[in-house]
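First the structure, in the form of structure tokens, and then the observations on it.
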Amino acid sequence: MAADQSTFFGTLLRKTIRRVIRFYYPVIRVTHAERLPAEGATLYIANHPNSLIDPVLIGIASQRPVRFMAKAPLFEGRVLGALLRSVGMIPAYRASDDKSSVRRNVESLTVAAENLAKGLPMGIFPEGKSHDLTHVEQVKTGAARIAQQAVALAAGKPVWVVPLGINYEEKQRFRSRVWVAVGETVEATAWFAGHEGNEKQAMRQLTIALDERLKAVAVHLDDARWGPLLDDLEWLAPVYASAEKVRAVSRVQRRKNIADAINYFETKDPERAEALTARVAAHHEALGQAGVRISSPVFQHVGAALFWRLAFKVWRVLFGVPALIGTLLHLIPFVLVRLISPKFEGLGKTTTSLYRILVGLPFYGVWYVAAWFALYQYTDAKIATAAVVAMPLIGIFAFHYWINAAVVWRSLREEAKLLFNAKLLAGLRAENRAVKKEIAELGDEYREAFPDKFADLESAASA
């Protein structure tokens with residue numbers, strides 16, 4: 001097995017894929033980027049919520065050609081296997097895939113360590129699998145083993161281990177946002193030097209440290225039961241950093257703040273946490289019976305502010321002609337992608353965006369080429385080219401238009417339901433304010449308990 005199989009084609013492929021992912025996720029915010037080594041032996045570890053897209057995001061965040069460990073079955077396909085090897089990826093043989101080949105994983109770890117010792121950046125997902133959980137699974141020992149071997153081969157040169165929290169707003173949705181939080185790094189050379197003579201203990205303690213640091217930068221709930229309530233709490237909890245600083249990924253950062261606070265209070269005051277859970281669940285049920293979402297504008301604004309906010313959205317919806325044109329121009333490939341991509345997806349949402357991209361690229365590509373030839377029959381090459389270049393822009397406008405239109409329709413429908421029931425609306429608003437107040441009090445207590453943590457987050461967000 002070669003130490004490094006990256007090729008010129010692999011480099012070109014890597015750049016192309018990064019451009020595609022940046023188009024699919026136009027906002028990728030990296031905080032604490034100053035912790036990322038610009039060069040040298042660096043092992044990136046990260047949570048793994050989004051299949052083969054996560055490695056690309058790590059490459060974008062680090063701005064380096066990172067090579068990864070990937071599960072061995074991915075290399076069995078002739079085309080996909082060749083593509084993975086072209087960008088320097090290394091097969092990992094997991095017990096969950098084939099128990100008879102686990103011993104081969106020792107060889108893979110050695111190759112990764114050799115690459116790392118040469119100064120080539122490596123990446124690994126220490127949970128061992130991609131999943132939809134709002135939870136970081138127990139970090140396995142592979143990262144510590146790679147770091148230990150690399151330190152032994154690096155002849156005293158520093159070897160860095162960098163935790164990265166990959167946090168998606170809505171990972172399956174086109175044009176959604178991503179927050180990559182860089183955690184506190186570990187200088188592995190110094191770490192193992194401090195445990196000289198007891199490498200097993202050093203690796204165990206490093207694995208524990210990496211587990212803690214990864215959970216510190218990813219949205220993580222110690223108790224998975226809180227997962228279904230997290231979306232509700234996003235709309236009930238306050239935003240502590242200024243809207244201007246965190247506007248790009250405010251929902252994702254708020255979700256992280258809430259998850260950390262839940263973990264804290266569930267340990268410190270479990271009875272209070274359980275009581276809050278019951279109250280939020282009851283409020284959610286009452287809203288459901290009234291046909292109102294917890295994120296409805298009727299709870300965010302009142303009076304003139306609510307009226308003008310809805311009026312502005314309605315005004316935007318009224319200008320639907322360009323969106324209608326964009327929809328009609330892309331209707332066929334859009335429907336085909338939505339029908340075909342689910343046939344390749346696994347359970348959950350870990351591969352939804354991946355297969356929408358893989359299926360969408362050829363479908364839309366062929367569609368645009370066909371459109372160019374169709375237009376060329378009736379115009380000249382310049383007009384046909386200009387029209388086809390404009391098509392993706394019109395398509396993106398149409399996509400955002402329909403999302404906005406759906407929000408406006410829901411808001412108007414909710415307003416209509418409560419318009420002639422002022423007593424019900426007043427009661428729901430009062431309960432909503434009371435729940436928000438209780439959550440804000442818990443949030444203030446959490447901020448007081450960890451003032452440095454929030455100051456650190458806000459300074460990172462403003463960077």
Side-chain angles (χ1 to χ4, degrees), residues 29-35 47 134-136 163-165 167 169 179-185 208-284 294-295 299-301 429-463:
R29 189 173 184 85
V30 181
T31 55
H32 278 307
E34 74 279 358
R35 292 173 173 170
N47 57 315
T134 312
H135 176 84
V136 177
L164 299 174
N167 305 292
E169 185 178 57
W179 172 32
V180 181
V182 183
E184 187 179 351
T185 61
I208 294 172
L210 295 179
D211 181 82
E212 293 173 349
R213 296 186 188 196
L214 186 54
K215 290 174 179 176
V217 290
V219 177
H220 166 78
L221 288 168
D222 291 333
D223 187 344
R225 294 180 305 161
W226 282 88
L229 286 176
L230 196 57
D231 287 341
D232 289 350
L233 290 169
E234 283 182 41
W235 297 102
L236 293 169
V239 179
Y240 292 111
S242 72
E244 182 180 355
K245 289 180 179 178
V246 299
R247 180 173 52 226
V249 287
S250 58
R251 277 196 63 195
V252 194
Q253 288 187 315
R254 188 193 301 200
R255 192 179 304 157
K256 170 63 177 168
N257 293 350
I258 295 168
D260 289 347
I262 289 172
N263 296 335
Y264 172 72
F265 283 106
E266 195 168 44
T267 301
K268 179 186 176 183
D269 194 346
E271 292 184 1
R272 190 178 178 190
E274 291 294 334
L276 178 60
T277 302
R279 187 166 189 182
V280 172
H283 182 52
H284 180 87
I294 203 163
S295 59
F299 301 119
Q300 312 294 321
H301 310 278
R429 278 177 169 168
E431 177 63 16
N432 190 266
R433 285 194 298 269
V435 175
K436 285 182 177 179
K437 181 179 179 182
E438 185 174 347
I439 293 173
E441 290 173 353
L442 288 175
D444 290 338
E445 289 182 32
Y446 183 64
R447 279 173 63 84
E448 291 175 4
F450 300 96
D452 294 339
K453 178 177 180 178
F454 277 81
D456 186 58
L457 175 63
E458 294 184 12
S459 65
S462 64

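Thr277 and Trp226 share no side-chain donor-acceptor pair at under 3.5 Å. Judged by distance alone, the side chains of Asn432 and His283 do bring a donor and an acceptor atom under 3.5 Å apart.
With Ile262 as the fixed residue, the side chain to side chain contact (heavy atoms under 4.5 Å, CB included) test singles out one of Leu233, Leu229, Asp223: Leu233.
Between His220 and His135, the two ring planes are tilted [angle within 30° to 60°].
Under 4.0 Å is where a charged nitrogen must lie from a carboxylate oxygen, and between Glu438 and Arg279 at least one such pair does. A salt bridge between Arg272 and Glu445 is present, with a side-chain N of the basic residue lying under 4.0 Å from a carboxylate O of the acidic one. Ion pairing of Glu169 with Arg255 is absent here, as no side-chain N (NZ or NE/NH1/NH2) approaches a carboxylate O to less than 4.0 Å.
When every heavy atom of Arg213 is checked against every heavy atom of Pro163, the shortest pair comes out as CB-CG, 3.8 Å. The two residues Thr31 and Trp179 make their nearest non-hydrogen contact at OG1-NE1, 2.9 Å. Between Val217 and Lys256, the shortest heavy-atom distance links the atoms N-NZ, 3.9 Å.
How far NE2 of His32 is from CG of Leu164: 12.5 Å, rounded to the nearest 0.5 Å. We find the CG-CZ distance between Asn167 and Arg29 to be 13.5 Å, quoted to the nearest 0.5 Å. To the nearest 0.5 Å, the span separating CZ on Phe299 from CD on Glu431 amounts to 10.0 Å. Atom-to-atom distance recorded for Lys437:NZ and Leu442:CG is 12.5 Å, nearest 0.5 angstrom. Within the model, atoms CG of Asp232 and CD1 of Ile439 stand 9.0 Å from one another, a figure rounded to the nearest 0.5 Å. Atoms OG1 and CG, on Thr134 and Asp231 in that order, are 8.0 Å from each other to the nearest 0.5 Å.
For the pair Asn263 (side chain) and Asp222 (backbone), a donor-acceptor distance under 3.5 Å is present.
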